[in-house]
Peer 1: 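The structure is given below, and queries will be raised subsequently.
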2 protein chains.
Amino acid sequence: MTEPKNPEAAASTGPVSRKGLGGKSSATIYDVARVAGVNPSTVSRALSKPGRVSAKTQKLIEHAAAELNYHVNPFARALPTGRTSTLGLIVADITNPTFFGVIRGAEATVTARDYTLMLAESSESPATELTAARRMMTTVDGLILASPRMDDDNIRALARGKPVVVINREVDGVPCVVPDANTGIAEAIRSLAANGHRRIAYVAGPPESWMSRRRWEGVQTACEWSRLEAVRLESSRPTVSGGREVARGVLASGATAVLTYNDLLAIGLMQELQAAAVVVPDRISIVGFDDIFGADFTTPPLTTVRSPMAECGTEAASLLLDALQGIEHPAAILRVETELVLRGSSGRLLPSG
Amino acid sequence: MTEPKNPEAAASTGPVSRKGLGGKSSATIYDVARVAGVNPSTVSRALSKPGRVSAKTQKLIEHAAAELNYHVNPFARALPTGRTSTLGLIVADITNPTFFGVIRGAEATVTARDYTLMLAESSESPATELTAARRMMTTVDGLILASPRMDDDNIRALARGKPVVVINREVDGVPCVVPDANTGIAEAIRSLAANGHRRIAYVAGPPESWMSRRRWEGVQTACEWSRLEAVRLESSRPTVSGGREVARGVLASGATAVLTYNDLLAIGLMQELQAAAVVVPDRISIVGFDDIFGADFTTPPLTTVRSPMAECGTEAASLLLDALQGIEHPAAILRVETELVLRGSSGRLLPSG
DNA sequence: CAAATTTTGGCAACCGGTTGACAAGCGAGC
DNA sequence: GCTCGCTTGTCAACCGGTTGCCAAAATTTG
């Protein structure tokens, strides 16, 4: 017969933290309960279920908690509930300044609402990304995927487990925050057309990038509208060096104005063209995307279609936090505005020769 | 008399996860134990204490775990042990590209060793920083402080709780990773001296910045050695706009070459000087610090003393991870090399008039 | 004033691992 | 064959909260 070894112990107040040894470990609800003269479960309720206990007891407990400098142990809470007060953010590439804004926006929002941000990167690899996402899923309450590279299906599968918000891409059935490229692109093309350009090149990003395809579509549409020719060029990498490599192709294309998938490509392209004594913007106008940090360091400073990435980060985090509180936003897709930032790298085409 | 309600239950195998409902929750050691036909605690030992169980049982358990796609629940593990497989990183300012390298290096290292990185920023405020650090301390196994703004004492207090590594500052009794500014500064001053400069200005960063003071000392020392004059100017903020604001003061100082606390100041300074038709480097040479992302976007590209921040992030993370495994590194301070990156913003002083 | 109803607090069983203590199993040595 | 010592697995008590259920207390109602 199995007998409890020590009935008194079972009936006692429960574990008591050993405050003796240098205050190492912090106070627990059991300590608070003892000081306040109530049951631990009452403490738990007072601290997490507002209105569940009487105002008097509430005050008593809060006082005791303050006195002991009590803070909940996030792990102890996470174990039975699954709630971790942590949000995950996976970016395609930490080196890429496009994501700095996202990280910053998300971090600020999350911290302001007493959550913590976990960061991971996928090195632009769908497989790494999926692994990172799965790993994170066990630890976070929700996940932000910035410019994810994995399939729609994988994203939806993740979203079935816990709330997921996608930035910079539209996935059916998953809340998304996307800069609406079209407005900015239309402005850019209109500006180029007004400056005498007739043939526009678009330098594409990675083939997996949903946003790159989207921008190309936007460029095509806007060009049709303005009766301009649009040609598409591929890049090896969406980086400065990728931009340098594509310079030759740009010249060969006969275009007098170029939009690039992102600012890094634009900067690399501009550097290489200038090295070949091609004057920007007199002979070729260059327009980037994103308005990343440093886009205005160049000479001439880069004209670019600004995507408010920090805002995307903020919005994505808010969406997630709201969802966790049961506030469902009806709109599956949140579009944030883009706009043309007109600087020196685009302008009137000088007659050649 | 307190009687156990259900003796059989107490003697049973223990909790069993409900795999019925859509495979929601993942397998536990209890599931693995059942499949392998052993006790849960044996599973726990097999998976975390190598050599504690026989090779035969080990294989049996590993097989069962693989079959069930078992993964430990980090919270369940963290609760009794305190180990979380998570490292914290606090940077002074996420916007500041100096830290991009740190974040990147730390993230990569931590992930490679199966840890996760938690990120927070202090907005350059000692109080916010301390709050963030305290908050993190409850959740992480160790903490990296990049360019901390709080007192030495507070840092030491944190370090008494859990392993802490500091980047970009030296704190007695706490392991630190610091770029050794002197080598790079010496190179820079030598180069400037060789180019005919005699009066050098240093634009300082925030007064709380240990590294700013250190760099100023380095500049002074190197100038004495080369028999140059060194003057110090203050900046309002260590940013591009802070750099613009200090331009007037730089001109007034009569210096023909300027080192700035960081690259952002240098870039802002250069923009403002150029706007005032002061040719760089013909009339004034500019040298930054850090070689941040975008330092080579400017025209002329920025000469700068490179601090390998990604390496700092990597080293700090490694130090921390080693410490957690009981591998103590004897050296309290790890110095990483700095070097002059000579670009176009510094050079020979043209005779004025 | 008693009965019905609503609050409020306590009990105890979890969540999923870890670990000290201990006993069974096993081979070696005498 | 028996004792000793070492390896290996089991038991049960945690870690620190959360929560369903129930009863006591307080409040409303008839």
Side-chain angles (χ1 to χ4, degrees), chain A residues 2-7 9-18 24-34 36-58 60-61 65 70-85 138, chain B residues 2-7 9-18 24-34 36-58 60-61 65 70-85 138:
Chain A
T2 316
E3 283 251 334
K5 300 280 190 301
N6 182 354
S12 85
T13 324
V16 165
S17 74
R18 43 271 155 279
K24 278 282 203 176
S25 61
S26 52
T28 72
I29 51 167
Y30 297 94
D31 300 320
V32 177
R34 200 160 21 78
V38 297
N39 189 283
S41 59
T42 306
V43 176
S44 171
R45 290 202 179 94
L47 267 31
S48 48
K49 300 244 174 7
R52 180 60 173 76
V53 302
S54 68
K56 206 181 60 186
T57 323
Q58 179 84 28
L60 201 66
I61 288 172
Y70 168 81
H71 292 287
V72 318
N73 177 326
F75 305 110
R77 191 200 296 255
L79 192 47
T81 61
R83 274 180 285 126
T84 65
S85 294
T138 66
Chain B
T2 317
E3 281 252 334
K5 300 275 191 304
N6 181 355
S12 85
T13 324
V16 164
S17 74
R18 45 271 156 276
K24 279 284 201 177
S25 60
S26 52
T28 72
I29 50 167
Y30 297 94
D31 300 320
V32 176
R34 201 158 23 77
V38 298
N39 189 284
S41 56
T42 306
V43 175
S44 172
R45 291 210 172 88
L47 266 31
S48 49
K49 300 249 180 347
R52 179 60 173 74
V53 302
S54 68
K56 205 180 60 185
T57 321
Q58 178 84 26
L60 201 65
I61 289 172
Y70 168 81
H71 292 287
V72 315
N73 177 327
F75 306 111
R77 188 190 323 250
L79 192 45
T81 61
R83 274 179 284 127
T84 65
S85 295
T138 66

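Per chain, numbering begins at 1; letters A, B, ... match sequence-line order.
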Peer 1: Just how far is it from atom OG1 of A/Thr57 to atom CZ of A/Arg52, taken to the nearest 0.5 Å?
Peer 2: 11.0 Å
Peer 1: Measure from NE2 on B/His71 to P on C/dG17 and round the result to the nearest Å.
Peer 2: 12 Å
Peer 1: Rounded at 0.5 Å granularity, tell me how far NE2 in A/His71 sits from CG in A/Leu47.
Peer 2: 11.0 Å
Peer 1: Heavy atoms, side chains only, cut-off 4.5 Å: are B/Asn73 and A/Thr138 in contact?
Peer 2: no
Peer 1: Rounded to the Å, how far apart are A/Ile61 CD1 and C/dG9 C1'?
Peer 2: 9 Å
Peer 1: Which angle, to the nearest 10 degrees, lies between the helix axes at the two ends of the helix from C/dC1-D/dG30 to C/dC30-D/dG1, each defined by five pairs?
Peer 2: 40°
Peer 1: Checking side chain to side chain contact (heavy atoms under 4.5 Å, CB included) against B/Val53, which of B/Val43, B/Val38, B/Thr42 comes through?
Peer 2: B/Thr42
Peer 1: Could you tell me the separation between the CG atom of B/Asp31 and the C1' atom of C/dC15, rounded to a whole number of Å?
Peer 2: 13 Å
Peer 1: I need the CG-P distance between A/Leu60 and C/dT8, as an integer number of Å.
Peer 2: 15 Å
Peer 1: Rounded off to whole Å, could you give me the CG-to-P distance for the B/Leu79 and C/dC14 pair?
Peer 2: 17 Å
Peer 1: Rounded to the nearest 0.5 Å, what separates atom CZ in B/Arg34 from atom OG1 in B/Thr28?
Peer 2: 7.5 Å
Peer 1: Atom pairs under 3.5 Å, N or O on each side, protein against nucleotides 18-25 of chain D: can you list them with distances?
Peer 2:
residue: D/dT18; atom: OP1; partner: A/Arg77; partner atom: NH1; Å: 2.8
residue: D/dT18; atom: OP2; partner: A/Ser44; partner atom: OG; Å: 2.5
residue: D/dT19; atom: OP2; partner: A/Lys49; partner atom: NZ; Å: 2.5
residue: D/dG20; atom: O6; partner: A/Arg45; partner atom: NH2; Å: 2.4

Peer 1: Between P on D/dC15 and CG on A/Asn73, what's the gap in Å once rounded to a whole number?
Peer 2: 11 Å
Peer 1: Mind running side-chain contact (heavy atoms from CB on, under 4.5 Å) on B/Arg77 and B/Ser48 for me, showing each step along the way?
Peer 2: CA-CA 11 Å; B/Arg77 188 190 323 250; B/Ser48 49; 4.0 Å; yes
Peer 1: Considering all heavy atoms of both residues, which atom of A/Ala46 and which atom of A/Ile61 are nearest to each other, and what is their separation?
Peer 2: CB-CD1, 3.6 Å
Peer 1: The test is side-chain contact (heavy atoms from CB on, under 4.5 Å); show your working for A/Thr84 and B/Phe75 and say whether it passes.
Peer 2: CA-CA 9 Å; A/Thr84 65; B/Phe75 306 111; 3.1 Å; yes
